[in-house]
Asker: 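This structure is in structure tokens; I'll ask about it shortly.
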Amino acid sequence: MQPTDLADPPQNPDAEEPTPEPTEPSQVTEATEEPSDPDISEETSEEKPAEEVAESVAAAPDEKTPGRVRRFLRSRWVSHGLNILAAGLIFAALLYPNVLRRLTLGNFARIPIEAAFGILLLIVLPRRPRLIAGSILGAGLGWLIIQKSLDMGWFNTLARPFDVILDWELLDDTFAFIRDSYGAAGAWGVAIGAILLAVGVIALTIWAVLRLAALITEHRRRAALAAAGIASAWMLSLALGFQLIPAIPVAARSSATYAWDRAWQAKTGIANEAAFAEEVKEDPYAAVPGDQILTALRGKDVMFAFVESYGRNAVEAPSLAAGTTAVLEDGDAQLKAKGFAARSGWLTSPTFGGNSWLAHSTLLSGLWINNQSRYRNLTASDRLTVPSAMQKAGWDTVSVMPGATRAFPEGKFYGYNRIWDSRNLSYQGPRFSWAQMPDQYTLKQFTEVEYNKPGRGPLMVEMPLISSHTPWAPIPTFLDWDQVGDGSVYNAIAADGAQKADIWSSAAKVRREYGKSIRYTLTTLISWVEKYGNDNLVLVFLGDHQPSSVVTGDNASHDVPITIVAKDPAVLDRVAGWNWTPSLKPAADAPVWPMNTFRDRFFTAFGTNGGNH
């Protein structure tokens with residue numbers, strides 16, 4: 001029985017083989033004319049002279065002699081260098097983190113146990129299975145790098161990892177955001193660069209694994225000893241809890257654990273999707289007649305305003321709280337002078353840093369919508385939403401969406417009679433980065449086309465305010481309402497404002513401009529109520545989510561402020577049992593509710609049997 005090494009000789013392209021010396025034609029002729037069969041020898045000698053054989057061999061020297069590039073790659077030091085590079089790539093890939101703050105040298109001062117198992121697998125496999133397994137392992141390792149890189153981006157903006165099942169379509173929104181903020185050329189450049197980088201990463205990891213696989217089969221005994229040494233060092237480090245860097249164990253099992261977690265995440269996501277289909281159907285208000293819905297608000301104009309990225313951080317973070325508090329306290333005084341009062345609390349948003357539509361749908365549907373799959377299933381259902389319930393009860397339902405640049409087919413699901421967006425709000429001014437128009441223009445135009453329209457009935461309005469949307473540069477300036485006009489007044493303001501490149505050079509600058517954007521939108525909204533709000537106005541304004549972690553830092557909550565403003569005392573009496581703070585600013589100890597519980601509490605408080613619920 002032949003050993004495996006003999007039955008499967010090494011195929012390493014970097015094996016050191018002596019380069020054949022150029023052969024003289026006469027020598028080739030002699031070798032050719034030395035057959036093993038005398039009969040064939042005589043026939044060949046008669047039919048093909050030695051001179052012809054020599055000429056044919058000399059005419060194709062490349063078939064015998066390696067080219068310069070191959071000779072260079074086979075040289076001793078280059079071959080060793082490529083082997084070290086391949087090993088380093090695999091080592092780094094196995095320890096590559098999925099959170100940006102862990103991308104440090106200390107994170108790589110560890111022992112990956114997966115390396116030992118990989119070496120042992122490649123030792124025992126024959127050549128063809130080894131090539132197949134090596135290619136699969138290399139591709140899998142490359143994919144882990146890509147997904148961990150996506151996790152870094154998702155953690156940095158949405159405070160959660162990338163969902164390999166549900167999040168792919170969010171890349172389209174990412175592309176749209178980059179296009180709207182940096183232009184089409186920048187968006188396509190990023191997209192093409194990302195695709196090429198992903199392909200390159202996978203190709204490189206496949207190359208690295210196959211190269212080491214060839215080296216391992218040349219030196220099986222040494223490779224086995226190396227695997228045993230890695231495994232022993234890993235087990236000893238694990239048993240002793242050894243750490244070179246505090247809180248970072250030397251015994252790493254990150255890749256295997258990560259792959260398992262992602263597989264489990266995918267399985268759980270599929271199961272949750274099936275469960276959600278049943279959850280949508282369970283609605284205690286679905287069969288309530290229209291004349292019994294929100295009876296305490298009959299004749300009122302009910303307006304829901306989502307303030308982009310208005311999170312708890314804006315109210316409580318030391319670097320932001322003073323400015324935000326000053327705006328809210330001044331606003332309390334201004335609105336009180338006009339006869340308005342407010343109550344404020346906290347809601348926990350299903351999203352963080354972005355994906356605002358998930359928060360909007362959660363609040364309006366009474367279901368926890370924390371991913372795109374749930375959102376699709378929700379909007380394909382007949383779930384009763386706040387707008388559709390109020391439409392059923394006789395309100396004229398309107399959505400004002402200044403950030404929308406195309407049709408909103410989900411409007412029918414929500415129950416809107418009309419939708420105003422960037423295409424029909426008649427704005428003639430410049431964009432403010434992602435925001436198509438300033439919030440003050442949006443509110444002024446809404447006042448003209450809907451709120452002050454003679455002879456209208458009670459309105460139900462949903463309006464996202466977007467001037468505080470990332471990247472927070474440039475930021476509009478608050479103007480006298482009579483100066484807003486068609487928006488062309490903003491041309492000079494946008495040109496003179498801080499630009500994205502100016503502020504994104506440091507986190508401190510980003511936080512400063514974020515705070516300014518929140519103060520701008522709150523100032524605008526409060527001023528609108530003061531100037532245009534009538535006796536029947538009931539305004540509910542809230543944040544959709546916290547800003548990204550560049551502002552909040554790590555481990556921030558998902559909490560956002562929510563406030564109800566009304567002139568009629570009977571409206572706020574209905575929510576007295578909520579124990580909300582009597583101010584535009586919620587107290588730190590004000591109640592915190594999951595955002596999906598608001599719909600039912602709102603329906604109950606203002607329904608036929610409401611009050612103090």
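Just the heavy atoms: all of them, side chains too, but no hydrogens, waters or symmetry mates, feed the values below.
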Asker: Check A494 against Q499 and note the closest heavy-atom contact, atom names and distance.
Answerer: O-NE2, 3.3 Å
Asker: For the atom pair CG (D332) and OG (S344), what is the distance rounded to the nearest 0.5 Å?
Answerer: 7.5 Å
Asker: Checking side-chain contact (heavy atoms from CB on, under 4.5 Å) for the pair S399/F408: CA distance, chi angles, key distance, verdict?
Answerer: CA-CA 10 Å; S399 178; F408 183 59; 5.5 Å; no
Asker: Any side-chain heavy atom of W472 sitting closer than 4.5 Å to one from R512?
Answerer: no
Asker: At their closest point, which heavy atom of P350 faces which heavy atom of T362, and how far apart are they?
Answerer: CG-OG1, 3.3 Å
Asker: For the residue pair E450 / W420, report whether a side-chain donor-acceptor contact shorter than 3.5 Å exists.
Answerer: yes
Asker: What's the separation between atom OG1 in T351 and atom CD in Q546, rounded to the nearest 0.5 Å?
Answerer: 11.0 Å
Asker: Does the pair V565 and L537 meet the rule for a side-chain contact (heavy atoms from CB on, under 4.5 Å), with working shown?
Answerer: CA-CA 8 Å; V565 178; L537 176 66; 5.9 Å; no
Asker: Looking only at heavy atoms, which two atoms of V400 and L425 are closest? And how far apart?
Answerer: CG1-CD1, 4.3 Å
Asker: In the structure I gave you, are the side-chain heavy atoms of T397 and E462 within less than 4.5 Å of one another anywhere?
Answerer: no
Asker: Side chain of S433, backbone of P474: donor and acceptor closer than 3.5 Å?
Answerer: no
Asker: Ignoring hydrogens and angles, tell me if any N or O in the side chain of T581 forms a donor-acceptor pair with the backbone of S583 under 3.5 Å.
Answerer: no
Asker: Look only at the side chain of R312 and the backbone of A588, and say whether a donor-acceptor pair between them is shorter than 3.5 Å.
Answerer: yes
Asker: For residues Y441 and Y490, establish whether the separation of their ring centroids is below 6.0 Å.
Answerer: no
Asker: Quick one: pull up CG in D486 and OH in Y427 and give me the separation to the nearest 0.5 Å.
Answerer: 9.0 Å
Asker: Sort and list the pairs that fulfil ring-ring contact (aromatic ring centres under 6.0 Å, His included) and have at least one residue in residues 307-341, not counting sequence neighbours.
Answerer: none
Asker: Any luck finding a side-chain donor-acceptor pair between Q372 and W357 under 3.5 Å?
Answerer: yes
Asker: Would you say L294 and K300 make side-chain contact, with heavy atoms under 4.5 Å?
Answerer: no
Asker: Any ring-ring contact (aromatic ring centres under 6.0 Å, His included) involving residues 279-304? Give me the pairs, sequence neighbours left out, ordered by first then second residue.
Answerer: Y285-F603, F304-F602
Asker: Could you tell me whether a side-chain N or O of N491 sits under 3.5 Å from a main-chain N or O of S488, the two making a donor and an acceptor?
Answerer: yes
Asker: Can you tell me how far apart CG (L367) and OG (S381) are? Round to the nearest 0.5 Å.
Answerer: 7.5 Å
Asker: Assess R343 against W578: is NZ or CZ under 6.0 Å from the centre of the six-membered ring, and within 45 degrees of the ring's axis?
Answerer: no
Asker: Stepwise, does the side-chain contact (heavy atoms from CB on, under 4.5 Å) test hold for K338 with V529?
Answerer: CA-CA 9 Å; K338 291 291 183 176; V529 175; over 6 Å; no
Asker: Among W346, W368, W580, which residue meets the ring pair (Phe, Tyr, Trp, His ring centres under 6.0 Å) test with W593?
Answerer: W580
Asker: Under a 4.0 Å N-O cut-off, is there an ion pair linking D283 with R599?
Answerer: yes
Asker: Verify whether one side chain among S468 and E308 offers a donor that lies under 3.5 Å from an acceptor in the other.
Answerer: no
Asker: Taking the side chain from T324 and the backbone from A321, do they hold a donor-acceptor pair closer than 3.5 Å?
Answerer: no
Asker: If you count the non-hydrogen atoms of other residues, nucleotides and ligands that lie under 6.0 Å from CG in D382, is the total more than 12?
Answerer: no
Asker: Test your reading of the model: is there a side-chain donor-acceptor pair from R418 to the backbone of V398, 3.5 Å cut-off?
Answerer: no
Asker: With the threshold set at 4.0 Å, does a side-chain nitrogen-carboxylate oxygen contact exist between R406 and D421?
Answerer: no
Asker: Is a salt bridge present between D301 and R456, judged by a nitrogen-to-oxygen distance below 4.0 Å?
Answerer: yes
Asker: Can you tell me if S517 uses its side chain to pair, donor with acceptor, with the backbone of Y514 under 3.5 Å?
Answerer: yes
Asker: Without swapping roles, check the side chain of Q483 against the backbone of D480 for a donor-acceptor pair under 3.5 Å.
Answerer: yes
Asker: Indicate yes or no: at least one non-hydrogen side-chain atom of Y532 is less than 4.5 angstrom from one of F446.
Answerer: no
Asker: Any heavy-atom pair between the side chains of L459 and W395 that's under 4.5 Å?
Answerer: no
Asker: Quick one: does L347's side chain get under 4.5 Å of L363's, heavy atoms only?
Answerer: yes
Asker: To the nearest 0.5 Å, tell me how far T524 OG1 sits from F478 CZ.
Answerer: 5.5 Å
Asker: Do I493 and L479 make a side-chain contact, defined as non-hydrogen atoms from C-beta onward lying under 4.5 Å apart?
Answerer: yes
Asker: If you compare all heavy atoms of N371 against all heavy atoms of L358, which two are closest, and at what distance to 0.1 Å?
Answerer: O-CD2, 3.8 Å
Asker: Minimum heavy-atom separation for I503 to A498, with atom names?
Answerer: CG2-CB, 4.0 Å
Asker: Would you please test Y520 and Q440 for side-chain contact (heavy atoms from CB on, under 4.5 Å) and show each step?
Answerer: CA-CA 9 Å; Y520 165 77; Q440 190 174 8; 3.4 Å; yes
Asker: Is the shortest heavy-atom distance from the side chain of F432 to the side chain of S467 under 4.5 Å?
Answerer: no
Asker: OG1/T523 to CD/E530 distance, rounded to the nearest 0.5 angstrom?
Answerer: 11.0 Å
Asker: At their closest point, which heavy atom of S349 faces which heavy atom of V560, and how far apart are they?
Answerer: CB-CG1, 4.4 Å
Asker: For a quick test of your reading: what N or O donor-acceptor pairs under 3.5 Å do the side chains of residues 383-393 make, sequence neighbours left out?
Answerer:
from : atom 1 : to   : atom 2 : distance (Å)
R383 : NE     : S365 : O      : 2.9
R383 : NH1    : V280 : O      : 3.4
R383 : NH1    : E282 : O      : 3.1
R383 : NH2    : S365 : O      : 3.1
T385 : OG1    : S388 : N      : 3.1
T385 : OG1    : S388 : OG     : 3.0
T385 : OG1    : Y414 : O      : 2.8
S388 : OG     : T385 : N      : 2.7
S388 : OG     : T385 : O      : 3.1
Q391 : NE2    : G415 : O      : 3.3
Q391 : NE2    : N417 : OD1    : 2.7
K392 : NZ     : V288 : O      : 2.8

